[in-house]
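Everything numeric in this text was worked out from a predicted model, so none of it was measured.
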Amino acid sequence: MKISGNLSKMKAVQADPIQYTLHLGETTLPMNDLLGQKIRLNYEGRINCVVCGKKIKKAFGQGLCYPDFINSPWNSECILRPELCRGHEGGGRDPEWELEKHVQPHYVYLALTSGVKVGVTRFANTPDRWMNQGAWQVIRLAETPYRKLAGDIEVYLKDFVTDKTNWQRMLKDERKEDVDLIDEKEDLLNELPEELGQYYSEDDEVLEFNYPVLEYPQKIKSLNLDKTPVIEGELQGIRAQYLIFDGGRVINLRRFSGYWIDFEA
């Protein structure tokens with residue numbers, strides 16, 4: 001089997017284990033079915049901007065041409081730093097886009113990826129956001145009416161818990177089994193000032209995710225299509241947006257969004 005197309009993030013569907021689908025061109029490929037099989041990715045130097053589709057020599061961000069990297073709302077500064085969002089004030093690179101995407105209810109959440117991290121996501125992005133980060137447990141901490149408020153809470157809590165994922169530990173499945181997310185949530189809520197604490201979530205459900213991995217690696221080697229345009233080996237697992245190959249080799253497909261590849265299995 002051989003298919004070709006531009007890479008984009010895999011679609012993840014909550015199940016036990018999570019079901020992943022890769023979209024290349026008009027073809028969809030159920031990735032779970034390929035576990036234990038040899039696959040091959042071949043990149044020949046073609047990249048198309050994920051926003052405008054223009055052929056480009058170099059991608060910026062996650063698959064953008066330089067003009068869209070500078071101007072597109074998909075790469076606005078409040079994507080990574082929600083506290084900078086001005087959509088609720090009618091601002092941003094594209095006010096209509098902001099209204100649709102960011103002037104919407106958001107969660108502040110705690111996730112166990114390797115250790116405990118705090119994060120922000122739109123209601124509409126759940127549970128996709130958590131699966132795309134490789135979290136194995138998640139709890140909702142706060143619910144806000146728009147993005148900036150969620151960002152303010154996240155910034156405040158970064159004095160007590162990280163907002164980063166240790167991706168190598170996540171891909172080795174190094175867990176802190178003794179962490180109770182309900183206890184962590186209660187402790188952090190007690191740290192919030194009243195004006196932010198009023199948005200706490202009463203939902204104490206701890207969500208759990210199981211990833212399709214045959215064997216987790218003990219050592220990690222990150223693969224880069226720009227340096228290694230042909231990647232092949234036995235697919236050992238999928239977690240977040242990473243493919244895990246034999247020998248601990250991993251590639252983050254989302255990082256190479258817009259890259260045109262030939263995929264063989």
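- Atom CD of E215 sits in a sparse spot, with 12 or fewer heavy atoms from other residues, nucleotides or ligands closer than 6.0 Å.
- Atom CD1 of I153 sits about 11.5 Å away from atom CG of L188, to the nearest 0.5 Å.
- Residues W130 and Y109 bring their aromatic ring centres within 6.0 Å.
- Annotation: Q37, atom CD; neighbour count of heavy atoms from other residues, nucleotides and ligands within 6.0 Å is above 12.
- Exactly one residue among Q236, M10, R249 makes a side-chain contact (heavy atoms from CB on, under 4.5 Å) with L243. That residue is M10.
- Counting only distance, with no hydrogens or angles, the side chain of E96 and the backbone of D94 share no donor-acceptor pair below 3.5 Å.
- A distance of 11.5 Å separates SG in C65 from CD1 in I47, rounded to the nearest 0.5 Å.
- When hydrophobic clusters are built by joining Ile, Leu, Val, Met, Phe, Trp and Tyr residues whose side-chain heavy atoms come closer than 4.5 Å, directly or via intermediates, L112 is not grouped with I18.
- Follow the hydrophobic side-chain contacts under 4.5 Å out from L22 and you never reach V13; the two are in separate clusters.
- No side-chain donor-acceptor contact under 3.5 Å links E89 to the backbone of C85.
- In this structure, the side chain of T228 does not engage the main chain of L225 through any donor-acceptor pair within 3.5 Å.
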Between V206 and V138, does a side chain to side chain contact (heavy atoms under 4.5 Å, CB included) hold up when you go through it step by step?
CA-CA 6 Å; V206 177; V138 173; over 6 Å; no

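- Y211 approaches G134 most closely through the heavy-atom pair OH-C, 3.1 Å.
- The two residues F263 and L24 come nearest to each other via the heavy atoms CB-CD1, 3.6 Å.
- With hydrogens and angles disregarded, a donor-acceptor distance shorter than 3.5 Å links the side chain of Q198 to the backbone of E195.
- Transitive grouping of hydrophobic side chains (ILVMFWY, heavy atoms separated by less than 4.5 Å) keeps Y107 and L110 in distinct clusters.
- Among all heavy-atom pairs drawn from E232 and R40, the shortest one is OE1-CD, 3.5 Å.
- Residues I79 and L149 fall into different hydrophobic clusters, defined by Ile, Leu, Val, Met, Phe, Trp and Tyr side chains chained together at heavy-atom separations under 4.5 Å.
- R147 pairs in a side chain to side chain donor-acceptor pair (under 3.5 Å) with only one of the listed residues (Q104, H106, H88), which is H106.
- By the neighbour-count criterion of 12 heavy atoms within 6.0 Å, atom CZ of F160 is densely surrounded, having more than that number from other residues, nucleotides or ligands.
- In terms of modelled atom types and a separation under 3.5 Å, the side chain of S72 and the main chain of F69 share no donor-acceptor contact.
- Scanning both residues, K55 and R46, for their nearest heavy atoms gives CE-CG, 4.3 Å.
- From D163, atom CG reaches atom CZ of R81 across 10.5 Å, with rounding to the nearest 0.5 Å.
- For the pair Y20 (side chain) and A240 (backbone), a donor-acceptor distance under 3.5 Å is present.
- When each of T121, D203, D204 is checked for a side chain to side chain donor-acceptor pair (under 3.5 Å) with R140, only D203 meets the rule.
- Expressed to the nearest 0.5 Å, how far OH of Y156 lies from CD of E154 amounts to 15.0 Å.
- Put simply, CH2 on W167 and OG on S114 are 12.0 Å apart, with the number rounded to the nearest 0.5 Å.
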Walk me through whether D173 and R175 qualify under salt bridge (Lys or Arg N to Asp or Glu O under 4.0 Å).
CA-CA 6 Å; D173 200 36; R175 302 186 179 190; 2.9 Å; yes

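- A distance of 11.0 Å separates CD of Q137 from CD of E184, quoted to the nearest 0.5 Å.
- For the residue pair P145 and Y199, the shortest heavy atom distance occurs at CD-CE2, 3.9 Å.
- Note on L64: it does not cluster hydrophobically with Y259, by side-chain heavy-atom contacts below 4.5 Å among ILVMFWY residues.
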